[in-house]
Structures are given as C-alpha cells and as structure tokens.
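To start, the structure under review is shown below, and the notes come after it.
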Amino acid sequence: MGNPRVIYWFRTDLRLHDSPALKAALDLNPDVLWPIFTWDPHYVYRAKGGVNRWQYLFDCQNDLSESITKLNPKSKLFVVREAPQTVMPKLFKAWKVTHLVFEKDTDSYGRERDKVVVDLAKKAGVKVISPYGRTLWDSDDLVVQNGGKPTMSITQLQAAGKKVGKIPRPLPAPKHLPDPGDMPLDFGLESPDPKPDVNAPLRDGKDQAYTSLAGPKGDFAIETLEELGFPAATTPHRGGETRALKALEHIIADEEYAATFQKPKTSPAAFRPQSTTLLSPHLHFGSLSVRLFYWRVQDLVDKYKGASSPPESLTGQLLFRDMYFAAQAAIGSPFVQTLNNPYVRFVPWHLPSKAEAGTETGTNAASGAYHVDTPQADQWFQRWKHGVTGFPWIDALMRQLRAEGWIHHLGRHAVACFLTRGGCYVHWERGADVFEELLLDHEPACNAGNWQWLSCTAFFAQYYRCYSPVAFGQKWDKEGALIRHYVPELKDLDQKYIYEPWKAPRAALDKAGVKVEGDGLGERRKGTYPEPMLDFGERRGVCIAAIKTAYSIGLHGNDQQVKDGTWRKLFEDAGEAEMEQFEGSDHDDDGEFADDAEQEARKGAGKRGAAKQGPMDKHVKRLKA
DNA sequence: GAACAGGTTGTTGTG
DNA sequence: CCACAACAACCTGTT
C-alpha cells in the first residue's frame, strides 16, 4: 500500500537542526509526514510549570512551526489537544499511519508514557522508531558501560562515555519536508480530568486547554497562555530554535570566552549580560541540540592554545548533564526523590514529603505535598521561596528566579545550600519543587541531581563547605549590583551594608530610605526590608552537626527504617535535636511544637551538647502558637 | 588492608 | 594581589 505515512511526534526536541529522530523519519522516504505535538495533561495539570516556561514552550513551537512551513508551505507544527496515550491509537486508524517516529525521552514520566504509546502502536501495526538525541551519548548505553550502575561521578561518566564511543557529529537540518496527509478527526475528544491541578494557583483566568482536538478554530493551532488561563509572563528570556542558533554562534564567535571557559570563575552576580551561556533552556526544550553545542565548542577548543578542559570547561558542563541523565536512567523514577532511592542519603530534614513521612506507602514526591513538622521551618521555607529571608543576596537570587526563570549555577548553589544544609535544614525536595516550577531550564534529572549534590545527600559529601549568604556574594559583587536590581528597596543602601542591612546604623538606613522590619510575609510596608530570619553562624553549626549524625547513621532512601519510620529511634538515640518533629510523637508530648532551645535541653549532654550550648533561642524564635 | 589523592564552584585569617 | 593553612573532616578510587 504505497510508501510510509509517518507521524513525526515532536516533544522536547523542538528543532530541525541535528535531530537524529527527524532524520530517521525522512530516511523512510515517506509519502506523507505529519509533524505533530500532543497536548499532555500531565504537564498541564500534574507537573508544576510556571507561566514563564509555558511562554518559552510556545516560543519554541511557533518558531519550529514557521521553520517547517518555510520548508513546505503546506506543513506546520500541528498541535493535537489530547493525551498521547489516548489520542495516538485514534490517529493511527483515522490517518492510516504506518510509522511513528520520535526522539527517545529521558525523564521517567516520559519514558513510562512512551512505553504505553509504543505498545499501542504495536497493537495497531504501526512501526515505531525512536533514536536518542537529547544527550551526548545514549543514557542507557552509558549505564551498560558503567556496569549497570548509575553514573555518580564525572570520572565514571567520562569512562563510560569513552567505552560507548565517539559523540556523534551534528546532522544538518532537512532541506525539504513531505506534505502532511489528510487529517480527519472522526472521533471524539477525550478530555482529561483537570483535578488535581497543581498549577491552579497560577491561573487567573479560565482553563480552556482541552476544549477541542484541533483547537478553537479547528486548525491545530499552537496554544496560548490565555487558553491555559495564565497571566502574562515576566521573563525577558525567550525561546525558539532561531534564537538558540543565533545565541550559540554569538558564543562561539568569542573564541577566548568559549575556549577558556571555567565555570567556577564565572560570576553568579552578573546579569545582563550574565556570565554563562544561558543556553540551558534551549537544551531543555530541544531547540538546541546538545551535540551541536558540544562540537561547535570542541572544534574550537581543538585548535585553540590554552583552552580549558572538563569538568570546568563548557563541554564539561554538558558532561555533567549527561551524568545526571545516565544516573536517572539507571535509578528510574526514585531518582528525583529520597524514598526508595538507594543512592540518596537519608537526612531527617524539616518539611519532608508526605510520602516520606513515616509510611511505606507512596512512591513519589512529585505532588509537592509535605509534612509541616515545625511551623518555624515552614516559615523559613516560605520566606526563602518568596525572596524575603532578610539576606539580600539570597533574596535577590530568589526574586530573579521567580521573575525571570533563570539564575546562574552558583547562585543556585547559594540558595540551595542555604535552604538545606547551610541554614534552614529544610528537605531538598522542597527546594527542588520550587525550582521545578520556576526554572525555564528545569530538567528533572539535573534538578534532582543538583539538589542532592548541594544538600550533600548524593554526588557530593563535603558538607562542612558551606556557602555564606553574605561572604559568597561579596566575593563576586562588592557593590551589590545584583541586590540593588532585584531587591530595589535596598538600592540606595551604602555598599558597606548592602549584604547585611540589619547591621546598618539608623543614619545609613534613613539615607537609603529603608527600614529593616518584619518577616516579609503577608502585606509588606513600603520602604521596608525584612529582618534576617535566622543567625547564619549558629544555623551553620547546627546543620553541620546534624548532617554529621545522619552520615554516621548512614541510612539511604531505600532502607527499611526509612520506609517504615523506625529511623526515628536511631536518630533519637544519637541525640539528634534538629530532626523532624511530629504531632503526637515522643518529642511533641504537650501537643505543641518544641522550639530548639527546648529540644536542646531535652537532649541533655549529647556528644554535641557543649558545642551547641548557648544562644540558640536568641536566634531561633518560637512562633506564636 | 592502610595510606593517600582527588573531588568543577567555602570561609577566614595569615604571610 | 596571591598562596596557603586551619577549620573539622565527607566520600570514592587507586596504589
């Protein structure tokens, strides 16, 4: 019956350049090829995604669609508004499809979804082709070459990569595309259940994502923020392959920058322009191929005298990305959480995920639901999340993240360390939840892996190396330009106090027109900036001691004690005072949450007793009951 | 098995 | 300006 009739299913490979999957589709020499995108309720309702990232997705889709139309005026990106798991079999039949081609996915939801679709295709007699294209090497191949184990260090990744083989050279974009075939939709729309909708709080209008299969005009149009009920985006960063390629060429054109790049020497305080490439969102949406990026840099490095090398170099950054992908490929869905993850250390952080709060039921932390073990920790978390911690460096970064969807990698280090092991002792999964919502470049594997790294629960263990919310920023930005821009209430404060406004004398504050008062939550008075929410020096000591205890106990996410809650006894016996408190638990017998001073007294002369004697209660105030 | 080196990206103080 | 040690000390991999 003639030549192949191919659906090319675009997902997170929104590009025409260097797409092995698209090449595979065209190599079939198809009669017809439908470039489609399916609207997935998982991302609309179940996964957190901020407005900025949705805008970026639509940028990518619109740019891709225009590029397709340039190759073939009859074609474009056709958006089908139904879940792939239900709509694909209907399309196979109605469009008489012979082949389905897509780029192999990397995250665990995507892989599970694809397994379902592949099975449906098999049943319908549709051949599936899905080469990898999102990473330097196929993550599954890396795992095999790493002995079936997750790549937990850059040396392991490099060794495994060497065994897998040379990173493929980028492929050119196609010069022409076949016509799309007819697209009859002689079947009903299966609307998803919009509840639970984790993005509901972000919507200020009516959600109309799934009103009809081919969109409101029946033309398979790309969606808009309005149709999702979202307000306007706030980020200046915009997506699309055209922009991505231009940005890459701009970076390569500065040969010294690209060839001698050393990540630890780039400033987290730089903005407009930032000190790193800002290409990560393009990698996330696939509007830039990672191998195209790699080889453009590597070819330059090969001819450049005095180039930097991995892991600090530009290509080294891409190796870390592959390391996280391959770790996730080996561990599977528990990779993004503590529970059931054999490679993540168990630490009894505050605000644990609901699934982790002492039962063995529940397998993932993706819902974002968490147990408020102490109101104090939740207040710290809320203040961190909204950029009102009272530490200007932290607040500037968190506000930049919220408004723009991107902050420098070392800025992410600073805020992540502060939330977890370097201040608040709040669970890294809470921080990962916030990054998941706000980052344009959010990648489940990289996000989880980096949070594990920074919280010293996997990949990295030197927990005594702690970022100061004051000194680290000062090292890069003495004048506090980043703070002045993102925390405008402090913009006129003397450089001497810009990182520590609580130390400023009244005259300096008056001169700058700012008062240091309040906790920053709720309605904030104009011309005020909040008081610091904790004493960093004290908290640093408390956290290091608590993590030392957790290390010595040595539990991991898959240990029985972690699943059944008996870990608690081990930590009590070790005299751990910072651990989670639960209503009705032994540590909470009066029905109220114990404050730290009380816990300290209870703990008695534990092995860390002497070091922690002193003014904890002065710094960590009890909230009103 | 002990010793040691290395780990992209800490801070503070000294010389 | 830099280098280096102390801080209190983790892990993994190699010899």
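Nothing here was measured: the structure is a model prediction, and the numbers come from that model. Chain letters run A, B, ... following the sequence lines, proteins first and then strands; every chain starts at 1. Values below: all heavy atoms of this structure, side chains included; hydrogens, waters and symmetry mates excluded.
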Problem - Consecutive-pair stems (at least three Watson-Crick or G-U pairs, under 3.5 Å) that include DNA chain C - result: B:2-7 with C:10-15, B:10-15 with C:2-7
Problem - Near-ring test A/Tyr56/A/His282, centroid separation under 6.0 angstrom - result: yes
Exercise for the section: Specify the residues of residues 398-422 of chain A, ordered by number, for which at least one heavy atom lies under 4.0 angstrom from an atom of DNA chain B. Expected result: A/His409, A/Leu410, A/His413
Handout entry: Partner of A/Pro268 by side chain to side chain contact (heavy atoms under 4.5 Å, CB included), out of A/Leu397, A/Leu482, A/Leu410
Key = A/Leu410
Exercise for the section: For residues A/His350 and A/Tyr425, establish whether the separation of their ring centroids is below 6.0 Å. Expected result: yes
Completion exercise
Applying side-chain contact (heavy atoms from CB on, under 4.5 Å) to A/Gln298 and not counting sequence neighbours gives A/Tyr294, A/Trp295, A/Val301, A/Asp302, A/Thr315
Exercise for the section: Classify the angle between the aromatic ring planes of A/Phe571 and A/Trp567 as parallel (below 30°), tilted (30 to 60°) or perpendicular (above 60°). Expected result: perpendicular
Practice task
Determine the minimum heavy-atom distance between A/Pro310 and A/Leu319, stating which atoms define it.
Solution key: CB-CD1, 3.7 Å
Problem - B/dA5 and C/dA9, which share atom name C1', separated by this distance in whole Å - result: 15 Å
Practice task
Determine the interatomic distance between C1' on C/dC7 and the same-named atom on B/dA3; round to the nearest Å.
Solution key: 23 Å
Problem - A/Phe460 and A/Trp453 aromatic ring geometry - parallel, tilted or perpendicular at 30°/60° bounds - result: parallel
Problem - Result of checking A/Arg321, A/Gln328, A/Arg134 against A/Glu443 for side-chain hydrogen bond (donor to acceptor under 3.5 Å, both in side chains) - result: A/Arg134
Exercise for the section: Answer yes or no: does atom CD of A/Glu256 have more than 12 heavy-atom neighbours from other residues, nucleotides or ligands under 6.0 Å? Expected result: no
Problem - For chain A, the stretch of DNA chain B it reaches, first to last nucleotide, under 4.0 Å of its heavy atoms - result: B/dG7 to B/dT12
Handout entry: Minimum heavy-atom distance A/Asn558-A/Lys563, with the two atoms named
Key = O-CE, 3.4 Å
Practice task
Remember a base hit wins even if backbone is also touched, and classify A/Gln317 as base, sugar-phosphate or nothing at under 4.0 Å, heavy atoms.
Solution key: base
Problem - Between A/Tyr324 and A/Phe335, ring centroids under 6.0 Å - result: no
Exercise for the section: Determine, for A/Glu576 against A/Lys548, whether the closest basic-nitrogen to carboxylate-oxygen distance falls under 4.0 angstrom. Expected result: no
Practice task
Looking at every strand, decide which applies to A/Phe320 at a 4.0 Å heavy-atom threshold: base, sugar-phosphate, or nothing.
Solution key: base
Exercise for the section: Quick one, give me the B/S/- string for nucleotides 1-9 of chain C, reading 5' to 3', where B means a protein heavy atom under 4.0 Å from the base and S means that only happens at the primed atoms, P, OP1 or OP2. Expected result: --------B
Problem - Reference residue A/His413; test ring pair (Phe, Tyr, Trp, His ring centres under 6.0 Å); the match among A/Tyr467, A/Phe418, A/Phe472 - result: A/Tyr467
Practice task
Check every strand shown and say whether A/Lys265 touches a base, only sugar-phosphate, or nothing at a heavy-atom separation below 4.0 Å.
Solution key: nothing
Handout entry: Touch class at under 4.0 angstrom, heavy-atom based, for A/Gln474 against every strand present
Key = nothing
Exercise for the section: Measure the acute angle between the ring planes of A/Tyr370 and A/Phe381, then classify it against the limits of 30° and 60° as parallel, tilted or perpendicular. Expected result: perpendicular
Problem - Same-atom distance (P) from B/dG6 to C/dC4, integer angstrom - result: 14 Å
Handout entry: A/Tyr343 OH - C/dC10 C1' separation (whole Å)
Key = 19 Å
Practice task
Assess the pair A/Trp502 and A/Phe391: is the distance between their ring centroids shorter than 6.0 Å?
Solution key: yes
Exercise for the section: Give, ordered by number, those residues of residues 453-462 of chain A having at least one heavy-atom distance below 4.0 Å to an atom of DNA chain B; if nothing qualifies, reply none. Expected result: A/Trp453, A/Gln462
Practice task
Please confirm whether A/Trp451 and A/Phe435 have ring centers closer than 6.0 angstrom.
Solution key: yes
